[in-house]
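To keep things clear, I will list the structure first and then write my remarks on it.
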Amino acid sequence: MLSCCAATAGASRRTRCIACRAGCAWRRRRCQVSGAPSSQSSRVLSAELLAHAGRQVQLSGWLQTRRELGGVTFLIVRDRAGLAQAVVDRPDVASQLSGLQVESVLQLTGNVVAEPRARGGAELRVEHVEVLSAVTEAPPFEINRPKLTASLDVWLDRAAFGLRHAEKRAALRIGAELARGFRKALVARGFVEIFTPKIVGSATEGGANVFPIDYFGRSAYLAQSPQLYKQMLVGVHERVFEVGPVFRAEPHATARHLNEYTSLDIEFGFIHDHRDVMAMAEAVLGETLAGLTERCADDLQLFAARVPVMRAVPIVGFHEAQEIILREYGEDCRGEPDLAPQHERWLGEWAQRAHGSDFLFVEGYPTAKRPFYTMPNPEQPEVSNSFDLLFRGLELVTGGQREHRYERLLAVMEARGVPREPFEGYLDAFRFGMPPEGGFAVGLERFVAQLLGLGNVREARAFPRDLTRLAP
RNA sequence: GGAGGCGUGGUGUAGUGGCCUAACAUGCAGCCCUGUCAAGGCUGAGAUCGCGGGUUCGAAUCCCGUCGCUUCCGCCA
């Protein structure tokens with residue numbers, strides 16, 4: 001029952017700890033697992049309990065479960081590293097616990113005993129209890145069960161409490177780990193992390209609606225994408241990425257949309273065409289997923305999640321995709337400028353069946369359906385050098401090559417009726433030298449949701465913003 | 001913006017014209033229990049069935065309105 005971080009850290013270093021009392025060989029050193037400095041406390045984490053057998057320690061955490069059997073009471077304590085069992089058989093200690101509900105925060109002192117009957121192989125025989133936070137109100141729903149029974153709406157309204165459930169914690173850790181792995185893979189490839197403004201003066205891309213805000217009396221918007229800024233920064237760093245929030249004001253109410261989500265964005269120069277961007281997406285996301293398997297084994301197991309191997313992802317052209325839908329599923333969407341969600345689900349199913357792949361690249365969407373900065377195919381301008389990456393039938397990534405030629409960019413903007421004035425700052429990037437470039441964006445919460453098989457993206461975000469939910 | 005589904009103790013569900021004085025599980029409270037690990041046993045409290053109107057001898061149940069939630073579509077990651 002280890003979290004991602006503690007699992008790997010604990011496996012190789014768990015015996016080194018100054019936290020224990022006299023007799024410990026590692027005294028005066030900093031605990032490598034808990035990070036506790038020698039002067040602070042003698043706290044031991046749940047995952048470290050067995051390594052401290054025979055010693056007196058402090059175990060602190062939330063009271064996850066209490067099982068009273070008359071003369072003996074079992075306490076399951078939760079801390080950041082997992083769960084540990086503590087046993088109370090002294091009436092004076094037991095009386096201190098009366099009236100306390102689950103989630104009370106306790107600091108337990110006692111001896112660690114190796115005990116095969118306890119989960120984790122050891123338990124704490126409690127001699128002293130310090131109540132750090134007494135909870136006397138019965139919780140709104142049960143969070144100490146393997147499955148959370150409360151409905152999405154109910155637990156999200158009490159998210160500060162509901163997120164403590166094992167599956168919710170695990171889903172958030174998976175998201176954190178995906179972001180971490182993404183950063184690591186990109187830094188290794190020479191990308192610089194950037195932080196672009198989330199308050200912007202103009203509604204950049206069009207398409208998606210934006211949230212207007214008041215900016216010292218001027219109208220401004222919450223950024224719907226770092227797109228334009230990351231492109232400008234390609235002119236600065238050549239390779240850039242950002243992990244940050246984006247805001248979409250579309251009034252949609254579906255299981256796959258959020259009005260605020262985390263976008264994993266990259267953009268880089270000196271490419272030949274969008275195929276280079278696809279190759280980068282495959283390499284970076286593949287590496288991110290591979291790291292996840294070893295770092296989050298326990299969390300993944302909670303969901304019985306199968307982590308896909310991302311290698312040689314099949315690529316189909318947009319029109320080819322429509323032909324496949326017609327041939328395999330009998331619906332003729334050829335003429336339509338985009339793929340509907342049902343089409344993407346079919347394509348995901350087909351990719352699994354025909355290629356054994358959880359992923360599918362669809363390239364060459366109609367230029368007219370893509371934003372103005374999209375690079376058209378030089379042979380067929382009505383087809384763009386763009387792509388989507390479907391993950392188990394859901395649009396996870398959008399990317400492509402961008403128009404880097406200043407004069408062409410101006411011409412496209414003119415033809416599409418995009419006003420030049422608000423984009424002068426953007427255009428400077430191209431006026432003063434921009435290599436052929438491209439990039440992509442990944443929806444983090446969608447990634448987590450698809451990976452874990454969550455029914456709703458909202459479950460992949462701590463405090464989701466949707467059509468009606470603005471708090472907590 | 002459009003379409004469908006669902007609102008019943010704290011939570012999750014059953015009940016879809018009279019058998020409902022509303023059931024079950026879990027949680028909560030009390031009692032019993034020294035090896036539990038979704039602990040077990042006994043007892044108890046807890047819901048005017050989202051709200052308003054209507055049909056009917058009779059409504060949790062049917063109809064209308066309204067509010068809330070949810071899913072799908074449009075759009076997107």
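Remember, it's a predicted structure, so these values are computed and weren't measured experimentally. In the text below, chain A, chain B and the rest are named by the order of the sequence lines, each starting its count at 1.
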Rounded to whole Å, CG of A/L148 lies from C1' of B/rG27 at a distance of 13 Å

The residue, A/D89 or A/F141, whose nearest nucleotide of RNA chain B is more 5′ is A/F141

Closest to the 5' end of RNA chain B, once A/N259 and A/R469 are matched to their nearest nucleotides, is A/R469

Atom CG of A/D153 and atom C1' of B/rU70 are separated, to the nearest Å, by 8 Å

- Walk me through it: do A/R370 and A/D388 pass the test salt bridge (charged side-chain N to carboxylate O under 4.0 Å, His left out)? CA-CA 11 Å; A/R370 291 276 161 156; A/D388 273 4; 3.0 Å; yes

Any side-chain N or O of A/T254 below 4.0 angstrom from OP1/OP2 of B/rU71?
no

Donor-acceptor pair (no angle test) under 3.5 Å: A/Q85 side chain, B/rU36 base
yes

note: A/K369, atom NZ; B/rG74, atom P; distance rounded to Å ~ 10 Å

Is there a donor and acceptor pair, one atom on the side chain of A/E250 and one on the base of B/rG74, closer than 3.5 Å? no

For this session: In whole angstrom, give me the gap between the C1' atoms of B/rU36 and B/rG44.
Result: 25 Å

(request) Can you label the angle between the A/F141 ring and the A/F161 ring as parallel, tilted or perpendicular, going by 30° and 60°? (result) perpendicular

Problem - Base B/rC73 to side chain A/H252, donor-acceptor N/O within 3.5 Å cut-off - result: no

task: May I ask you to decide if the ring planes of A/W346 and A/Y329 are parallel, tilted or perpendicular, using 30° and 60° as cut-offs?
output: parallel

Item checked: P spacing across the pair B/rC49 / B/rA29, given as an integer number of angstrom -> 28 Å

(message) Is the phosphate of B/rG12 approached by A/S151 (side-chain N or O, under 4.0 Å from OP1 or OP2)?
(response) yes

Side-chain N or O of A/N456 less than 4.0 angstrom from OP1 or OP2 on B/rU70? no

- Query: Has A/R256 got a side-chain N or O lying under 4.0 Å from the OP1 or OP2 atom of B/rC73?
  - Reply: yes

- Task: Could you tell me whether A/R311 atom CZ has more than 12 heavy atoms of other residues or ligands within 6.0 Å of it?
- Result: no

So A/I76, base contact, sugar-phosphate only, or nothing? Heavy-atom distance under 4.0 Å. nothing

The Watson-Crick or G-U wobble partner of B/rG18, with both key distances under 3.5 Å, is B/rC57

Notebook entry, point to check: Does B/rC72 have OP1 or OP2 sitting under 4.0 Å from an N or O in the side chain of A/R345?
Noted result: no

**Message:** Looking at A/Q227, I'd like to know whether one of its side-chain N or O atoms comes within less than 4.0 Å of OP1 or OP2 on B/rA77.
**Reply:** no

Just wondering, do A/D265 and A/Y229 contact through their side chains at under 4.5 Å, heavy atoms?
no

A/D338 atom CG is separated from B/rG74 atom C1', nearest whole Å, by 11 Å

Could you check whether atom NZ of A/K184 has more than 12 heavy atoms from other residues, nucleotides or ligands sitting under 6.0 Å from it? no

Under 3.5 Å donor-acceptor pair, A/R67 side-chain atoms to B/rC33 base atoms:
no

* Taking atom types as they are modelled, is there a donor-acceptor pair under 3.5 Å from the base of B/rG35 to the side chain of A/E123? -> yes

